[in-house]
Protein chains: 2
Amino acid sequence: MADISTRKVNPLFLREEELRQGIELLFYAYRDFTAVADQMLEQYNFGRAHHRVIYFVSRNPGITVSDLLSILKITKQSLSRVLGQLVREGFIEQRTGLQDRRQRLLTLTEKGEALERELTEKQRALIAAAYREAGAESVEGFRKVMLGMLGEEDRKRFGDDGPTGLRQRAG
Amino acid sequence: MADISTRKVNPLFLREEELRQGIELLFYAYRDFTAVADQMLEQYNFGRAHHRVIYFVSRNPGITVSDLLSILKITKQSLSRVLGQLVREGFIEQRTGLQDRRQRLLTLTEKGEALERELTEKQRALIAAAYREAGAESVEGFRKVMLGMLGEEDRKRFGDDGPTGLRQRAG
DNA sequence: TTAATATGTCAATAAAACTGACTTAACGGA
DNA sequence: TCCGTTAAGTCAGTTTTATTGACATATTAA
């Protein structure tokens with residue numbers, strides 16, 4: 001890594017190194033972050049997509065299919081396969097929207113809630129440990145940097161417009 | 001979301017919310033982070049795996065196949081397909097190890113370097129913008145939190161033992 | 001009434017990964 | 001020198017995950 005002399009001579013190298021470390025931190029953290037849930041998902045014959053669906057439905061009870069699609073940014077068909085499984089196996093419940101009866105509002109069943117807790121537990125523990133170790137001030141910095149990487153649309157989700165920034169629907 | 005009264009009454013809810021926001025920040029940031037390179041990869045008929053291989057070979061010139069496998073944590077067969085393509089199309093060069101002639105040391109060709117720069121450019125810009133916006137102090141916090149999420153093994157890569165913490169081999 | 005929307009489904013692919021067994025070449029210690 | 005181990009590569013078959021594009025149904029809203 002850059003020592004002090006390098007720092008004086010070539011400040012651009014440091015910057016480049018700093019950015020590349022950022023790239024790698026993101027890669028390693030995400031790889032491990034998903035890995036801790038993957039083990040458990042296997043036991044249910046589910047994949048990461050199932051986890052994501054369960055997670056975001058848990059976070060946004062009564063979310064519509066199209067809102068879920070806009071979060072996950074996958075195709076309708078891909079969601080359909082995963083969602084269909086989860087509904088058939090009793091993890092997710094669909095109810096017809098009250099204002100708009102074309103919508104299918106998604107919520108977790110008790111069974112789904114239980115699986116969600118189980119799946120996310122290890123991930124939460126991983127983040128909790130990192131937060132604790134780093135301290136409150138670092139956590140604030142972490143949040144700032146991460147938010148800075150998001151597009152306008154996603155940044156909104158972290159405002160005060162509900163957990164994931166979707167207008168909640170009654171159901 | 002937690003309002004002030006909730007905050008007083010139920011501090012655990014806030015903590016839970018904080019952790020979930022961490023999970024989501026990671027999800028959204030990583031999703032967008034990979035997306036900016038995906039567009040470009042398509043033009044070469046490459047996938048994310050190709051990018052990762054190119055990236056880590058660029059970062060660790062002369063890396064061995066097995067060290068690359070231990071970073072990517074994919075199977076030999078998966079790497080083989082991707083690596084084979086990159087070699088055949090002239091992005092990566094293999095040279096026999098000098099000390100250990102069983103090894104195939106990997107380096108990028110000029111063409112490979114060019115592709116790497118092109119691919120990583122947008123990702124670097126994304127991180128650079130976030131860093132700039134957040135400020136140096138926040139960046140330090142970001143690094144601390146991210147490092148805290150890594151396992152012992154990966155944390156070493158961010159020490160002073162070469163870019164990715166692998167002992168470099170001559171070639 | 002009619003265009004647009006929300007959802008779901010069909011069929012056919014594509015790609016990206018996996019497993020497990022096996023080969024070849026080279027290393028390194030006994 | 002012999003032999004077990006390691007590094008790399010390959011074969012065959014399979015699974016997972018996602019894709020595209022077309023189409024059907026019910027519902028909404030102008």
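Remember, it's a predicted structure, so these values are computed and weren't measured experimentally.
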Between [N] ([atom2]) and [X] ([atom1]): distance, integer Å:
{"X": "A/Leu69", "N": "D/dT19", "atom1": "CG", "atom2": "P", "answer": "10 Å"}
{"X": "A/Tyr44", "N": "D/dT16", "atom1": "OH", "atom2": "C1'", "answer": "20 Å"}
{"X": "B/Leu105", "N": "C/dA26", "atom1": "CG", "atom2": "P", "answer": "14 Å"}
{"X": "A/Leu98", "N": "D/dT28", "atom1": "CG", "atom2": "P", "answer": "11 Å"}
{"X": "B/Glu42", "N": "D/dT19", "atom1": "CD", "atom2": "P", "answer": "11 Å"}
{"X": "A/Leu86", "N": "C/dG8", "atom1": "CG", "atom2": "P", "answer": "13 Å"}
{"X": "A/Leu79", "N": "D/dT20", "atom1": "CG", "atom2": "C1'", "answer": "16 Å"}
{"X": "B/Leu72", "N": "C/dC18", "atom1": "CG", "atom2": "P", "answer": "10 Å"}

Does [N] have its OP1 or OP2 closer than 4.0 Å to a side-chain nitrogen or oxygen of [X]?
{"X": "A/Ser78", "N": "D/dT19", "value": "yes"}
{"X": "A/Arg81", "N": "D/dA18", "value": "yes"}
{"X": "A/Gln103", "N": "C/dT5", "value": "no"}

Does a distance-only test, which skips hydrogens and angles, find a donor-acceptor pair under 3.5 Å between the side chain of [X] and the base of [N]?
{"X": "A/Arg101", "N": "D/dT27", "answer": "no"}
{"X": "B/Lys76", "N": "D/dT10", "answer": "no"}
{"X": "A/Arg102", "N": "D/dT28", "answer": "no"}

Are any of the side-chain nitrogens in B/Glu133 or A/Arg155 under 4.0 Å away from the carboxylate oxygens of its partner?
yes

Cationic N near anionic O, under 4.0 Å, B/Glu116 to B/Lys111:
no

Side-chain H-bond candidate by donor/acceptor type, B/Glu89 with B/Tyr44, under 3.5 Å:
no

Main chain of B/Arg15, side chain of B/Arg20: is a donor-acceptor contact present, judged purely on distance under 3.5 Å?
no

Any sub-3.5 Å donor-acceptor pair from B/Ser78's side-chain atoms to B/Ile74's backbone N or O?
no

Which residue lies toward the 5' end of DNA chain D, A/Ile74 or B/Leu106, if each is placed at its nearest nucleotide?
B/Leu106

Result for 5'-nearest mapping on DNA chain D, choosing between B/Arg104 and A/Arg52, is B/Arg104

Between C/dT7, C/dT19, C/dG8, which nucleotide gets closest to the side-chain atoms of B/Thr75?
C/dT19

Nearest-neighbour nucleotide for the B/Ser66 side chain, C/dA6, C/dC18, D/dA8 considered:
D/dA8

